[in-house]
J.: 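Before I ask anything, let me first share the structure, which is written out below as structure tokens.
In what follows, residues are counted from 1 in the order of the sequence shown.
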Amino acid sequence: MFGRVGLGRRRPSSRPRVLATTLELLVAALQRNSCTTTVAASSSYSSALEEEAGGGQQKGRWLTLPPFAPPVDASSVGKAIARGRRPAGDGEPTTALKWVRRCCSHLPMSLVQKLFRLRQVRRDLTKNGSNMDSHSAQQQLRRVSAKDVMMPGDVILLPVTVQNVATKKYDYSESEKEISFIHSLELYKDSAIIAVNKPPGMPVQGGVGIKYSMDALAAKSFKYDFPESPRLTTRRTLQRKYLALVIGTPKHSKGLISAPLAKIVLEDGKSERITIVMGTKSTSSHHALTEYRVIRSSAHGFTWLELCPLTGRKHQLRVHCAEALGTPIVGDYKYGWYAHRKWEPMPWPESMSEDEKLPKKRPFGLDLDGGSIAEKQPYLHLHCKQMILPNISAALCQLQSSAVDHDFSKLEKINLVAPLPLHMQESWDILSCLP
């Protein structure tokens, strides 16, 4: 999905890139988008639309969008390869609504929908993108609905009043330390993807009350010399491996957990949680598979596990550890609350430096210190340490080549390894030092 503020032609050679965060459960397609928050002059704009709908003075004045060119969707290509399927050169059909949103990302969704609802979006049947001021040219315009599928070369026109929409851009003035911190999160980069180790505590996407988010910071910090900024969209991986610190020790040192999961509503009628549903015929349950292996056990009642999810269900690893293995993850107060009722912090080893206890100021207000097993309220000890992705860049090169048959069977894989977050590294060190 493309986001563009300007209304110029899209560069034919530009390709979507991919952004992957490996600290939490996200791998994302990095596509281009502007990190601009839009504030619409809604009253004047809406009145202008109503005037055009009624045949007012503005009729016949149009703003021309770039001719439609089907993009090669990196997200769709990666998803097909991850599923063992042959990727196609084109992705899903693009509707007129999606194309307008891509070309005019500065326009609020509500106003774009209103344009279609008032039947103010046109297609130029001449496909030459020329100005449509004459009566004869007006006869070459046809109304377009939001769900109409775009064809190569289609030219969409919007009322010129969309230029009355004002935009407000929030500029992030990062310090050198903050810029250096963001760049230090980069694990891998090529012409198609960028892999980023997202720090815990930083929201993936922005929203009300969120000043800094991974997508906004990445859009600015990882733009490099590309013509447009990146954007996050969820996508698939070939394999993921997690490291978790659990309370207790599994009966077996390794195994395969096969336990279907379902969502249930708690007694208050508002809260929800995921649970294992065995021996039931619930239509809402989903099959879930997890491979596990004991990495290291501690005499103090903790165990380090390597977890490899073979399915991608919500809270799958947390529920499988807590309910199937009976060893809830440290810091998981939702599914392991019973194990944390009598939680006692681990003593700080004398062999570890006292300086490691002192809190340090982190960029963007991130609270990266503390949260280990030496704290009264430890953070969640679950970390995606490794991801294996298909080489989207090589796949896109094949799809854009003149060759008819594309061989993806020997496509190179990208192996991403992320270091432990500070609170888990601290817990590892503490357990390593204690007798």
J.: H183: what forms a ring-ring contact (aromatic ring centres under 6.0 Å, His included) with it, not counting sequence neighbours?
T.: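 With neighbours one apart ignored, the set is empty.
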
J.: Do V330 and L382 pass the side chain to side chain contact (heavy atoms under 4.5 Å, CB included) test, and can you show the C-alpha distance, the side-chain angles, and the key distance before you say yes or no?
T.: CA-CA 8 Å; V330 172; L382 177 65; over 6 Å; no

J.: Tell me the closest heavy-atom pair linking V155 and L65, and the distance in Å.
T.: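 Looks like CG1-O, 3.8 Å.
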
J.: Once you round to the nearest 0.5 Å, how far does CZ of R240 lie from CG of L317?
T.: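 Taking CZ in R240 and CG in L317, the distance rounds to 7.5 Å.
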
J.: Does any part of the side chain of I156, heavy atoms only, come nearer than 4.5 Å to the side chain of M150, both counted from C-beta?
T.: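 Touching, per the 4.5 Å side-chain cut-off.
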
J.: What is the minimum heavy-atom distance between L243 and M424, and which atoms define it?
T.: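 For L243 versus M424, the nearest heavy atoms are O-CE, 3.5 Å.
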
J.: Going through the distances and angles, do V112 and K114 end up as a side chain to side chain contact (heavy atoms under 4.5 Å, CB included)?
T.: CA-CA 5 Å; V112 174; K114 189 170 186 178; over 6 Å; no

J.: Less than 4.5 Å apart, side chain to side chain, heavy atoms only: is that true for Q386 and N415?
T.: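 Result yes, sub-4.5 Å side-chain heavy-atom pair found.
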
J.: List the residues meeting side chain to side chain donor-acceptor pair (under 3.5 Å) with Q377, not counting sequence neighbours, and say none if there are none.
T.: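 Per chain and number, Q377 pairs via side chain to side chain donor-acceptor pair (under 3.5 Å) with no residue.
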
J.: Does H300 form a side chain to side chain contact (heavy atoms under 4.5 Å, CB included) with L434? I'd like the steps, not just the answer.
T.: CA-CA 9 Å; H300 299 275; L434 291 174; 3.6 Å; yes

J.: Do L380 and I329 have side chains that get closer than 4.5 Å, going by heavy atoms?
T.: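 With C-beta onward as the side chain, the pair touches.
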
J.: Can you find a pair of side-chain heavy atoms, one from N197 and one from P419, that are under 4.5 Å apart?
T.: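 N197 vs P419: side chains touch.
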
J.: What pairs with S432 under side-chain contact (heavy atoms from CB on, under 4.5 Å), at least two apart in sequence or on another chain?
T.: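 Applying side-chain contact (heavy atoms from CB on, under 4.5 Å) to S432 gives R296, W428.
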
J.: For R318, what residues pass the salt bridge (charged side-chain N to carboxylate O under 4.0 Å, His left out) criterion, not counting sequence neighbours?
T.: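 Only D332 meet the salt bridge (charged side-chain N to carboxylate O under 4.0 Å, His left out) criterion with R318.
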
J.: Output all residues satisfying side-chain contact (heavy atoms from CB on, under 4.5 Å) with R273, sequence neighbours left out; order by chain, then residue number.
T.: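 Testing R273 for side-chain contact (heavy atoms from CB on, under 4.5 Å), a comparison that skips the adjacent residues, returns I264, L266, E323, K334, Y335, W337.
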
J.: To the nearest 0.5 Å, how far apart are CZ in F302 and OG in S297?
T.: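 The CZ atom of F302 sits 12.0 Å away from the OG atom of S297.
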
J.: Can you name the closest pair of heavy atoms from A288 and T311 and give their distance?
T.: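 In terms of heavy atoms, the two residues are closest at CA-OG1, 3.2 Å.
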
J.: Considering only heavy atoms from C-beta outward, does the side chain of D429 approach that of E426 to under 4.5 Å?
T.: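 Answer no - side chains too far apart.
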
J.: Evaluate the criterion side chain to side chain contact (heavy atoms under 4.5 Å, CB included) for residue pair L158 and V100; output intermediate values, then yes/no.
T.: CA-CA 9 Å; L158 303 178; V100 173; 4.0 Å; yes

J.: So, using side chain to side chain donor-acceptor pair (under 3.5 Å) as the criterion, who are the partners of R293 when residues are at least two apart?
T.: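 R293 satisfies side chain to side chain donor-acceptor pair (under 3.5 Å) with E306 once adjacent residues are dropped.
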
J.: Specify the closest pair of heavy atoms between P347 and I430, including all atoms of both residues, with the distance to one decimal.
T.: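 Minimum heavy-atom separation between P347 and I430: O-CG2, 4.1 Å.
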
J.: List the atom of P200, the atom of P421, and the distance in Å for their closest heavy-atom pair.
T.: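 Shortest heavy-atom contact: CG-CB, 4.2 Å.
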
J.: Give every donor-acceptor pair under 3.5 Å between a side-chain atom in residues 245-257 and any protein atom, sequence neighbours left out.
T.:
| residue | atom | partner | partner atom | Å |
| --- | --- | --- | --- | --- |
| T249 | OG1 | T303 | OG1 | 3.0 |

J.: State the CG-CG distance between L389 and N391, to the nearest 0.5 angstrom.
T.: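 The distance works out to 9.5 Å.
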
J.: Would you call T94 and V149 a side-chain contact if the rule is heavy atoms closer than 4.5 Å?
T.: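 No, side chains not in contact.
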
J.: Quick check: does any side chain N or O of K98 sit under 3.5 Å from a backbone N or O of R102, one acting as donor and the other as acceptor?
T.: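 Side chain of K98 to backbone of R102, a donor-acceptor pair under 3.5 Å: no, none is there.
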
J.: Minimum heavy-atom separation for Y333 to P378, with atom names?
T.: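 Here Y333 and P378 meet closest at OH-O, 2.8 Å.
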
J.: Kindly write out the residues that satisfy salt bridge (charged side-chain N to carboxylate O under 4.0 Å, His left out) with K263, not counting sequence neighbours, or none if the list is empty.
T.: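 Only E272 meet the salt bridge (charged side-chain N to carboxylate O under 4.0 Å, His left out) criterion with K263.
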
J.: Tell me every residue that passes side chain to side chain donor-acceptor pair (under 3.5 Å) with T290, counting only those two or more places apart in sequence or in another chain.
T.: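 Partners of T290 under the side chain to side chain donor-acceptor pair (under 3.5 Å) test: Q316, H320.
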
J.: By side-chain contact (heavy atoms from CB on, under 4.5 Å), which residues pair with S184, not counting sequence neighbours?
T.: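 For S184, the residues satisfying side-chain contact (heavy atoms from CB on, under 4.5 Å) (neighbours in sequence not counted) are F181.
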
J.: Determine whether V121 and R119 make a side-chain contact, defined as any pair of heavy atoms from C-beta on separated by less than 4.5 Å.
T.: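 V121 vs R119: side chains apart.
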
J.: H381: what forms a ring-ring contact (aromatic ring centres under 6.0 Å, His included) with it, not counting sequence neighbours?
T.: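 Here the qualifying residues are H423.
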
J.: Would a 4.5 Å heavy-atom cut-off, applied to side chains only, mark C104 and V162 as touching?
T.: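 Result no, sub-4.5 Å side-chain heavy-atom pair not found.
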
J.: Going by the rule ring-ring contact (aromatic ring centres under 6.0 Å, His included), which residues pair with F116 if we only count those two or more places apart in sequence or in a different chain?
T.: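 Not a single residue meets the ring-ring contact (aromatic ring centres under 6.0 Å, His included) criterion with F116.
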
